[in-house]
Amino acid sequence: MEELVNRCLMAGLPGTSVPAPMEELISAGLGGVILFGRNLENAEQVRALTGAARAVRGDLLVGVDEEGVEPGHFVALGGPPRAGNHALGALDDVDLTRRVGADIGAYLSALGINVDFAPCADVNTLPENPVIGVRSFGADPALVARHTDAFTAGVQAAGVAACAKHFPGHGGTRVDSHVDLPEAELTETDLTPFLACAPDRAAMVLAAHVRYRGLGDEPASLNRRILTGLLREELGFRGVAATDALEMGAVSGRMAVGDAAVRALAAGADLLLLGSAEVDVWKVRDAVLAAVADGRLPGARVEEAAGRVRELAERFAAPAVPAPAGAGAGGPDAEAGERLAARLAPEPLGAAPYVVEMRGPDLGFPERFAGLPEIAASLDPAAGGVVLSGAPPGGADRLLEEVARAGGGRRPLVVGVQDAHRAPWMRGLLAELLERRPDAVVIGTGLADDAAVASGAAAFLPSYGRSPALLRPLLAALLGRSG
């Protein structure tokens, strides 16, 4: 039973190698390990890490969150900038989305990673949502469904398991489940993309830490009515049901992680994510064993869950693609950026601009990519700019004084905003700038909903994300340069 319980756990690593305690866990049957930015230095190091982990046990799952949205984990490793779901949804070319998924799958496979916790199948039903945003393909459930299916097919064609998330839908929430427990209505709109994955398209589905009105007090990740009743019995899903990380605030703020693990397995989950390296995996395992021993958790349920995880590991046992497909310039993500820029076809500015980029929260990912001012300067050394994460002292007047000093007079002004529709400081500063400079061009690096708050600008150009794959060709067109 100990080995069966271990098989149901996927744990985080503390650093860039496999420490002895983790080797012991893997030997004892650990289902998998999940990688984050703290585990990644360069491609050679990642391949060494995944190889060392699999040398302990060959049927280990090695997972990562690679949704294709910037900022991502792999830019610092020399991986190609990704276009992201929102941009792919805007283009609505399912073949391109499939090729992006295949490129991501091939890149991960070459690093020894065989599980991608993607795609994000959430529908953007609420633009104020603090955690989904450009991770979603869009607000149309049919569009999200076809691109969820295409991305999944591409990733799995490269020999990597795809995992549709966050079941049964995180798009209509106003609370970030990393912090607290969101509550939402469950609608057909939310479920539509997951119908594209069930019963046999995606190898995995990840359950949300969201409580749904009328479906009980438990979040989906711990809710039998949702994991067993809806996912298994109604939708017919036959793959692995994973939880979101159990140490996230939505769950750990209400109960011990070990208790959550017991409740998740009892509800129908198969693979329990323990992403933080601070989680005591042995303690979680012991809590599950105690629940089996005293009858709170049927042993047969653990056997069923472990069996599904074992089948998944056997199906995706080894990397299937020897090298990244289309990585770097000319890949499908670069194609997406070029096509979006060509569709917008902005009027060239005629002179080097000053670029004011306003950034919102980064969702906890490290900044590993060039901002708008840096990209503009790489295209035209005369371009200047500043990146802001809050309203500056002196507001718009001080900024415009800097613009004048930097350019020796009135120069073109480009303003980048990220989801200003839900950031009061950003909306206020943008309004002040546009009142004084209605000739400014605004680039929306978040949701296209920002068009409404940029109505006073000379032009609003949605980039559908913050990736250089999207921003560079758009700025190149504005500057009249080749990307």
Side-chain angles (χ1 to χ4, degrees), residues 10 12-13 15-18 32-54 61-88 97 99-120 134-135 151-152 154-163 165 245 273 275 277 316 319-337 362-371 374-375 465-472:
M10 177 175 268
L13 294 168
T16 55
S17 60
V18 183
V33 294
I34 182 168
L35 307 181
F36 295 95
R38 65 177 183 262
N39 308 123
L40 313 174
E41 288 183 343
N42 54 63
E44 291 72 23
Q45 171 266 323
V46 175
R47 281 192 287 268
L49 182 149
T50 59
R54 281 218 182 79
L61 296 172
V62 180
V64 73
D65 285 294
E66 182 50 78
E67 300 173 20
V69 177
E70 298 290 348
H73 294 305
F74 294 101
V75 174
L77 276 64
R82 299 297 179 184
N85 289 358
H86 201 49
L88 295 172
T97 297
R99 287 189 284 125
V100 167
D103 195 66
I104 288 174
Y107 185 81
L108 297 182
S109 180
L111 293 174
I113 296 166
N114 60 357
V115 172
D116 186 10
F117 287 100
C120 182
V134 296
R135 300 167 69 190
F151 187 99
T152 297
V155 170
Q156 293 187 171
V160 172
C163 181
K165 63 185 184 185
L273 293 194
F316 297 97
V321 178
D333 294 277
E335 178 185 336
D362 64 8
L363 302 178
F365 291 101
E367 294 290 358
R368 287 178 170 174
F369 62 100
E374 184 178 342
I375 295 173
R466 297 168 65 195
S467 167
L470 304 170
L471 297 177
R472 187 173 182 84

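Only a predicted model underlies this, so the values are computations on that prediction, with no experimental measurement involved.
Between the CD1 atom of Ile104 and the CZ atom of Arg99 there is a distance of 13.0 Å, given to the nearest 0.5 Å. In this structure, Phe151 CZ and Leu88 CG are separated by 8.0 Å, a value rounded to the nearest 0.5 Å. The line from CG of Leu273 to CZ of Phe117 is 4.5 Å long, rounded to the nearest 0.5 Å. Atom-to-atom distance recorded for Leu49:CG and Ser17:OG is 7.0 Å, nearest 0.5 angstrom. Put simply, CG on Asn39 and CG on Leu13 are 5.0 Å apart, with the number rounded to the nearest 0.5 Å.
Contact detail for Ala87 and Ala83: the closest heavy-atom pair is CB-O, 3.7 Å. Taking every heavy atom of both residues into account, Ile113 and Val64 meet most closely at CG2-CG1, 3.9 Å. Residues Ala162 and Thr152 come closest through the heavy atom pair CB-CG2, 3.9 Å. Taking all atoms of both residues into account, the shortest heavy-atom contact from Ile34 to Gly275 is CG2-CA, 4.1 Å. In plain terms, the two heavy atoms of Ala118 and Glu67 that are nearest each other are CB-CA, 3.7 Å.
Under a 4.0 Å N-O distance rule, the pair Arg135/Asp65 does not qualify as a salt bridge.
Leu35 is listed as a side-chain neighbour of Thr50, based on a closest heavy-atom distance under 4.5 Å.
Every residue two or more places apart in sequence or in another chain that forms a side-chain contact (heavy atoms from CB on, under 4.5 Å) with Ala277 is listed here: Pro14, Arg38. Evaluation of the side chain to side chain donor-acceptor pair (under 3.5 Å) rule for Asp333 yields Arg82 as partners, not counting sequence neighbours.
In this structure, Asn114 contributes its side chain and Leu61 its backbone to no donor-acceptor pair below 3.5 Å. A distance-only check finds no donor-acceptor pair linking the side chain of Glu66 to the backbone of Asp116 [under 3.5 Å].
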